[in-house]
*Asks:* 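Before I ask anything, let me first share the structure, which is written out below as structure tokens.
Bear in mind the structure is a predicted one, so any value in this text is a computation, not a measurement. For this chain, numbers begin at 1 and follow the sequence in order.
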Amino acid sequence: MAKIVITGGGAPLDGSVRISGAKNAVLPILASTLLSDGPVIIGNVPHLNDVTTTMELLGQMGVQLVVDERMKIHVDPRSIHSFFAPYDLVKTMRASVLVLGPLLARYGEAVVSLPGGCAIGSRPVNLHIKGLAALGADIQVEGGYIRARAKRLKGAHIVLDIQTVTGTENIMMAAVLAKGTTTIENAAQEPEVVDLANCLNAMGADIEGAGSRTIVIHGVDRLAGCEYDVLPDRIETGTFLVAAAITRGRVKVKNTRPDILESVLLKLEEAGAEITCGDDWIECDMHGRRPRAVDITTAPYPAFPTDMQAQFSALNTIAEGVATITETVFENRFMHVHELRRLGADIRLEGNTAVTRGVDHLNAAPVMATDLRASASLVLAGLVAEGETVVDRIYHIDRGYDCIEEKLAQLGARIRRLPGTDQDELQAAQA
Ligand code: EPU
């Protein structure tokens, strides 16, 4: 299986890095192309395994996808002949469930595998199903599949029990072609939801309020093609800023958006970093100082993102002082803690809170990635651990980070990839 090897304890990271398009925006945007009557061109697409999986899923349905020389994806949904998302693909990427709303709204039927559990929590999709049923869909769950049918969906007033990102996106996509107006209350406010709404509006949808707790969608009869650039990845941005902080270095991230990262920037300042921002860049400078440990509680946007929790867990391991990190979004998102302890971190888990006492230094060890953000935290810890840290099961990181080792190497990190065998890769894909 491919591994990443990091020789830690070197010079602080220094330099600049370009941020890619957001994974959690491009996936729903790719799914939304199913709603269109014409070709959609998507730009600022990150090079990620989850993007490849989504392209494979749409391709299996008969959608035509071409990547041009500018790395823009041209999606033409007009050749679609199947409304089916098989277990084999959905089990490798939960976001596949995002095709449910668009297929139902545009073609009146969808058969989509239930995603099942995942390393960070049980992650049910009951609220997606409840919301689509409120729009008038007839939905059965049997044999591990969601089977949905509808003539034309009808606008409805939906109050979500919990703020769910992909749930809000699925319902919003279905509602754009419904008859009448849909209101989603307690909607997720994540910037990726706003990006999806902007893309849908560019196709001719009529969505107001995305980014607030109440989204109002006036149904339209049809959507047309459009050209749209995906917003920058705020989690990749935050990960590189933590890389600067943990190595006591100075990193400028470019092609990003400081306004969608406020909670993370405030925590970096609390840790002692000097943060400077321009319209599309952020610089994090630790001036060679040891970071201070920071208390964090994760919650839906605009609060501190669960997707940055593991990276700050790594930062706290070598920071000055004791701090607590409380995870409120997912019930099992502390798998990285056990691996960080293998590097010498002093972390105690108390329910959904990790209490970390910063140590002077970490020592390299072989560690295993368990999910996407956990793998990022292990790479960050590896940057400062004395010796050679080998991070196994690195396929998790390729799902959501575009060329992470090249980008870190460009900043001065001593990092390289050991390729796995084909057999390993096959096993990884099935894991
Ligand atoms: N939930 C339910 N029922 C539902 C849907 C969600 O109980 O029908 C619960 C979940 O179990 C969780 C909470 O609601 O406890 C919030 O989950 P949410 O639905 O918002 O998560 P998601 O949409 O499945 C997206 C991102 C995740 C990110 C979360 C939270 C995508 C493709 N994925 O997941 O990204 O952690 O929102 O912000 O957008 C990642 O990138 O590493 C990642 C896991």
Side-chain angles (χ1 to χ4, degrees), residues 17-33 40 42-58 65 67 71-73 75 89-99 115 118-120 123 164-170 173 188-199 228-243 253 255-257 260-261 264 298 300-301 305-311 329-330 333 369-377 379-380 394-408 429:
V17 65
R18 192 175 188 281
I19 296 304
S20 301
K23 168 179 86 79
N24 291 344
V26 72
L27 301 181
I29 286 174
L30 277 166
S32 77
T33 61
V40 178
I42 309 172
N44 201 29
V45 177
H47 181 70
L48 303 174
N49 281 358
D50 275 9
V51 170
T52 314
T53 306
T54 308
M55 290 175 72
E56 192 180 339
L57 175 64
L58 297 177
L65 299 117
V67 181
M71 297 308 289
K72 292 189 183 236
I73 305 183
V75 189
L89 280 178
V90 179
K91 76 175 182 197
T92 64
M93 192 193 66
R94 306 177 51 81
S96 309
V97 77
L98 285 165
V99 299
C118 121
I120 62 175
R123 305 182 72 180
T164 154
V165 175
T166 50
T168 301
E169 291 167 346
N170 235 338
M173 288 191 281
Q189 296 170 268
E190 269 64 7
E192 294 75 21
V193 174
V194 179
D195 207 41
L196 172 64
N198 289 343
C199 179
Y228 193 80
D229 285 343
V230 175
L231 99 161
D233 197 311
R234 66 195 161 102
I235 306 301
E236 189 197 16
T237 302
T239 303
F240 279 98
L241 296 176
V242 173
V253 288
N255 190 43
T256 189
R257 289 246 318 255
I260 57 175
L261 214 71
V264 172
T298 67
Y301 191 85
T306 172
D307 292 345
M308 282 302 301
Q309 180 260 103
Q311 298 87 321
V329 179
F330 292 113
R333 208 171 196 182
T370 48
D371 64 77
L372 170 56
R373 308 304 169 187
S375 38
S377 80
V379 169
L380 291 171
I394 210 66
Y395 56 89
H396 289 294
I397 216 163
D398 295 330
R399 294 188 52 185
Y401 286 92
D402 190 347
C403 302
I404 189 164
E405 72 270 26
E406 283 94 332
K407 290 187 183 184
L408 283 171

*Asks:* Applying side chain to side chain donor-acceptor pair (under 3.5 Å), name anything that partners Asp50, two or more places apart in sequence or on another chain.
*Replies:* Arg399
*Asks:* Just jot down the salt bridge (charged side-chain N to carboxylate O under 4.0 Å, His left out) partners of Asp307, sequence neighbours excluded, or say none.
*Replies:* Arg333
*Asks:* What residues form a side chain to side chain donor-acceptor pair (under 3.5 Å) with Asp195, not counting sequence neighbours?
*Replies:* Tyr228
*Asks:* Where is the tightest heavy-atom contact between Asn44 and Val230, given as atom of each residue plus distance?
*Replies:* ND2-O, 2.8 Å
*Asks:* Are Thr54 and Val26 side-chain neighbours, meaning at least one heavy-atom pair lies under 4.5 Å?
*Replies:* no
*Asks:* Side-chain contact test, heavy atoms from C-beta onward, threshold under 4.5 Å: evaluate it for Asn24 versus Val165 and give yes or no.
*Replies:* no
*Asks:* Using side chain to side chain donor-acceptor pair (under 3.5 Å) as the criterion, list what pairs up with Ser32, not counting sequence neighbours.
*Replies:* none
*Asks:* Does the side chain of Met55 come within less than 4.5 Å of Val67's, by heavy atoms?
*Replies:* yes
*Asks:* Considering all heavy atoms of both residues, which atom of Pro46 and which atom of Gly21 are nearest to each other, and what is their separation?
*Replies:* CG-O, 3.2 Å
*Asks:* What closest approach, in Å, do Phe330 and Ile120 show between heavy atoms, and which atom pair accounts for it?
*Replies:* CB-O, 3.3 Å
*Asks:* Do you know which two heavy atoms are closest between Ala119 and Asp371, and how far apart they sit?
*Replies:* CB-CB, 4.4 Å
*Asks:* For Asn198, what residues pass the side chain to side chain donor-acceptor pair (under 3.5 Å) criterion, not counting sequence neighbours?
*Replies:* none
*Asks:* Applying side-chain contact (heavy atoms from CB on, under 4.5 Å), name anything that partners Ala376, two or more places apart in sequence or on another chain.
*Replies:* Thr239, Gln311, Tyr401
*Asks:* Is there a side-chain contact between Leu58 and Val99 in this structure, where contact means two heavy atoms from C-beta onward sitting under 4.5 Å apart?
*Replies:* yes
*Asks:* How far apart are the C-alpha atoms of Val193 and Glu169, what are their side-chain angles, what is the distance that settles it, and do they pass the side-chain contact (heavy atoms from CB on, under 4.5 Å) test?
*Replies:* CA-CA 6 Å; Val193 174; Glu169 291 167 346; 3.8 Å; yes
*Asks:* Under a 4.5 Å cut-off applied to non-hydrogen side-chain atoms, are Ile260 and Thr237 in contact?
*Replies:* no
*Asks:* According to side-chain contact (heavy atoms from CB on, under 4.5 Å), who are the partners of Ser96, at least two apart in sequence or on a separate chain?
*Replies:* Leu57, Val90, Met93
*Asks:* Over all heavy atoms of both residues, which pair between Thr164 and Gly167 is shortest? Give the atoms and the distance, please.
*Replies:* OG1-N, 2.9 Å
*Asks:* Could you tell me whether the side chain of Leu261 reaches within less than 4.5 Å of the side chain of Leu241, counting heavy atoms only?
*Replies:* yes
*Asks:* Going by salt bridge (charged side-chain N to carboxylate O under 4.0 Å, His left out), name the residues that satisfy it together with Asp398, two or more places apart in sequence or in a different chain.
*Replies:* Arg417
*Asks:* Please list, chain by chain and in numerical order, all residues satisfying side-chain contact (heavy atoms from CB on, under 4.5 Å) with Ser375, sequence neighbours excluded.
*Replies:* Ala369, His396, Ile397
*Asks:* List for me each residue that meets salt bridge (charged side-chain N to carboxylate O under 4.0 Å, His left out) alongside Glu236, sequence neighbours excluded, and say none if there are none.
*Replies:* Lys407
*Asks:* For Leu30 versus Ile42, what's the shortest heavy-atom pair and its separation?
*Replies:* CD2-CD1, 3.6 Å
*Asks:* Hey, does Lys23 have a side-chain heavy atom less than 4.5 Å from the side chain of Asp233?
*Replies:* yes
*Asks:* My understanding is that only residues two or more places apart in sequence, or in another chain, count here; which of them pass side-chain contact (heavy atoms from CB on, under 4.5 Å) with Pro305?
*Replies:* Arg234, Ile235, Ser263, Val264, Met308
*Asks:* Kindly indicate whether the side chain of Pro300, heavy atoms from C-beta on, has any atom under 4.5 Å from the side chain of Glu190.
*Replies:* yes
*Asks:* Nearest 0.5 Å, please: how far is CZ in Phe240 from CD1 in Ile404?
*Replies:* 5.0 Å
*Asks:* Any side-chain to backbone donor/acceptor pair from Asn255 onto Ile19? Under 3.5 Å, distance only.
*Replies:* yes
